[in-house]
A.B. asks: 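Once you've had a glance at the structure underneath, I'll fire off some questions.
Labels below follow one simple rule: chain letters A, B, ... track the order of the sequence lines, proteins then strands, and each chain is numbered from 1.
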Amino acid sequence: MENVKRAKKPYQKYGWGQTIFEVTILITFIILFVSPFVNLISLSLSSSRAILSGEVYFRPVELQFDTWIAVLRNNDLLNSLTFTIFLTATYTFIALLLVMMAAYPLSRKTLKGRVGILGYFMFTMYFGGGLIPSYLLYVSINLIDTFWVLVLPGVFSVYNMLILKTFFQNIPDSLEESARIDGANEFQILFKIYLPLSLPALATLALFFAVGRWNGFSDAIFFLPTRNDLVPLQLSLQRMLNLTADTELMREQLDGTTRRVRILKESQKAANILFTVVPIILVYPWLQRYFVKGVMIGSVKG
Amino acid sequence: MQSEKNSTAQLALNYGPRKKGLSHYLRRDWQKYLMLLFPVALVFLFNYVPMYGILIAFKDYNFMKGVWASPWVGLDNFIHAFSLPRFSRVLRNTLVINLLSLVIYFPMPIMLAIIISEMKNSKIVRIVQTVSYLPHFLSTVIVGGIVYQLCAPRTGLFNQILVLLGLNEVPFLTNPTMWLFTYVISGVWEGVGWGSIIYIAAITGINPELFEAAIIDGANRLQRIWHITLPSIKSTIVLMLILKMGSIISIGFDRPFVFSNPLVTDVSEVISLFVYYVGLGQGDYKLGTVVGLFQSVVGAVMVLIVNAISKALGEEGLW
C-alpha cells in the first residue's frame, strides 16, 4: 500500500490542471530568477568578439578564462573582500553585545523606568537628525575618515533589540531568580543563562547585522571621502561597474613570454558582479532559514 | 495576588510590597542600569545629538561659529529651498517613483503569496521561494549591476532577444520614462519574494474549514481567493499600505544612487540624492539640512495621517 502511494506521480495526486499550473509557475520563476545569473556567467566566460556581436545568451561562446584571471588578480577587489569580512565581523560582534545588554534589562518588568527608556530608544525609529547634522557631528568628534565611522553610528539597532526583548520575555523568570539565589550577578545571568537559551534568536540577529553591514556602502561614500584603504566590497564593486573602458591583462604564455590580453568591460563587469555574489550564495542556505524565522518573530506584535 | 514564585523571590531579593524610592531600585538593579548605559549613550550621541543639529535649518549656519553661535534666520532657509526649481523637481521625482512603485510593486507580493498558497507540491513551493528570496540578500550594487548588464544596448540580454525577434532595441536605461519603469520593475524582481513572506504567514493563519466549506459549496479557485483569502488578509494588506503611504515622500539613498545615470537625472534625482549632492558634495549644509528635515517631518506627519484614516475606516492601525 505504501509503495503504491509513493509511486504516485504528482498529476495523479493533484490532477492535471493543478500540475500544469505548478510547473508553469516553477519554470517562470526559474527563468526570472536564475537565467540572469546564467547570462552573467556566460558573459564572463565568452570571448570579446562573441559578446560584441551579441551571440552570448545562456552558455559561454568561445570559452576564455582571461576575465576571471584578471578579476582574481585585482588586488583592490581582494583587499576590499578581506576588509569587508573584518568589518562585518567586528560590527556583528559589537551589535550583538549591545542588543543583548539592552534587551535583557528591558525584558524585566520590575525594572524602574523601563517604559521611559523604551520610549527613548523607540523615538529614534521614527525621527532622526538626517544626513547633514550627522555628518557635522562626526566631523566634530573626529570620526570622519576613520574605521569606526562604519561601525559605531548604526551599531545599536532598536528594532532588533525589540525582537530580542520579546524573546527574552518568554524565558521563565524562575531561571533568573534561582541563579540569583545561587549568587550569580546580572552579567553572569545574561551570558550564562539567557545567551545559551536564545542561541537561535541570536543567530538570526547576527545574520541580520552581518547582511546589513555586508551590503551597506552609502556610509562609506558619505563619511570616508579620502580613505581608499577602507572600501567596503560593495563600494569597490560600484566603482568598477562605473568603468567605461576596457582593461588589459598581462598574461604569461607557455613559452615564458607575456602577452597583452584585452578584457572587454562587459565581461569584466559580469565577472565582478559574480565575484561579489559568491559569498552570499555560500551562506544562503543559513540566511534563508534564519531570516524567514526572524521576519516571523518581528511580525508578532509584542 | 502574589504568586508563590514571586514571594520566594521577595525573600531572596528583599522585595518589599510597599513603594520604594529611586535609590532602592538603583541599589537593587544597578547592574542592569550599567548594562543599559552603553546603548543609551550611543543612541544619545548618534541619534539625539544630530537632532540638535537640525537647528541649522533655522540659522545662517557658519561652520567656524558652530550651530549655537550662528545667527537665527527664521524660515529663510526653507523659503530659499522651496523657491529652487531643482527642489520641486526632486520632490516630484520622489513622488513619481514612490507612486509608480505603489501601483506596480505593491500588489505583486500579495499575488505571489496567493499563488504560493494555491500550490500543493511542497518541493516546487520550496524552489520558487528559494529562488525568489535570493535578490533580497544581494546588495543594491549587485542588483543594479545585473539590471544594467541585462538592459544594456547591444550586449544586454533583453535587447539581444528583441533584435533576435526582429524588433528595435529599447533604451531601457537612457530614456527617462523607460528608466522609471526599469527602476520600478527591477524593484519588483528584487523584493517580490521577500515581500510575500508576510502575506504567506497571514494566509497560513486562515482557518482551513473556511476553504473546505467553500469547496463543498462549489466555489471555484478564483471565488475562494476572492471571497476567503483576500478578505482574510485584508488587515495585513492595509497595514502594509499604511507603511508604504507613510513613506511616500521618503526614499533611500542606495537604489536611486546605484540606478541613476547622467542621461536620466531629470527623473532620477530624488530627495536623498539631492541632500547628498548639495549638502556633502557642494558643502551647502543649510540647504541639505532643510531638505532632509522637510523629508522626515512630512514623513512623520504622513504616517500619523494615514494611521488615523485607517482607524477611521475601522482597520487596525500601527498603534
A.B. asks: Which label fits B/Tyr48 and A/Phe123: parallel for a plane angle under 30°, tilted from 30 to 60°, or perpendicular past 60°?
C.D. replies: parallel
A.B. asks: What part of A/Val139 gets within 4.5 angstrom of chain B, counting heavy atoms only: side chain, backbone, both, or neither?
C.D. replies: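 A/Val139 touches chain B through side-chain heavy atoms alone.
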A.B. asks: Does the gap between the ring centers of A/Tyr284 and B/Tyr133 come in under 6.0 Å?
C.D. replies: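 Not under 6.0 Å, so no.
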A.B. asks: Quick check on the interface: out of B/Val147, B/Ile146, B/Val125, B/Thr130, who has the most heavy-atom pairs with chain A under 4.5 Å?
C.D. replies: B/Thr130
A.B. asks: Looking only at heavy atoms, which of residues 292-302 of chain B get nearer than 4.5 Å to chain A?
C.D. replies: B/Leu293, B/Ser296, B/Val297
A.B. asks: Is there a side-chain contact between B/Ser139 and A/Thr276 (heavy atoms, below 4.5 Å)?
C.D. replies: no
A.B. asks: Using the ring centroid of each side chain, check whether A/Phe156 and B/Phe38 are separated by less than 6.0 Å.
C.D. replies: no
A.B. asks: Sort and list the pairs that fulfil salt bridge (charged side-chain N to carboxylate O under 4.0 Å, His left out) and have at least one residue in residues 278-296 of chain B, not counting sequence neighbours.
C.D. replies: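 Salt bridge (charged side-chain N to carboxylate O under 4.0 Å, His left out) check on residues 278-296 of chain B returns B/Asp60-B/Lys286.
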A.B. asks: Minimum heavy-atom separation for B/Leu138 and A/Asn215, please, with both atom names.
C.D. replies: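 Answer, listing the atom of B/Leu138 first, then A/Asn215: C-ND2, 3.8 Å.
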A.B. asks: Identify the heavy atoms of A/Leu137 and B/Leu45 that sit nearest to each other, and give their distance.
C.D. replies: CD2-O, 3.2 Å
A.B. asks: Using 4.0 Å as the upper bound for N to carboxylate O, is an ion pair formed by A/Glu176 and B/Lys32?
C.D. replies: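 So B/Lys32 pairs with A/Glu176 through a salt bridge.
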A.B. asks: Could you tabulate the donor-acceptor pairs under 3.5 Å formed by side-chain atoms of residues 30-43 of chain A, not counting sequence neighbours?
C.D. replies:
residue	atom	partner	partner atom	Å
A/Ser35	OG	A/Ile31	O	2.3
A/Asn39	ND2	A/Tyr57	O	2.9
A/Ser42	OG	A/Val38	O	2.7
A/Ser42	OG	A/Arg59	N	3.2

A.B. asks: Applying side chain to side chain donor-acceptor pair (under 3.5 Å), name anything that partners B/Tyr148, two or more places apart in sequence or on another chain.
C.D. replies: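 Testing B/Tyr148 for side chain to side chain donor-acceptor pair (under 3.5 Å), a comparison that skips the adjacent residues, returns B/Asn261.
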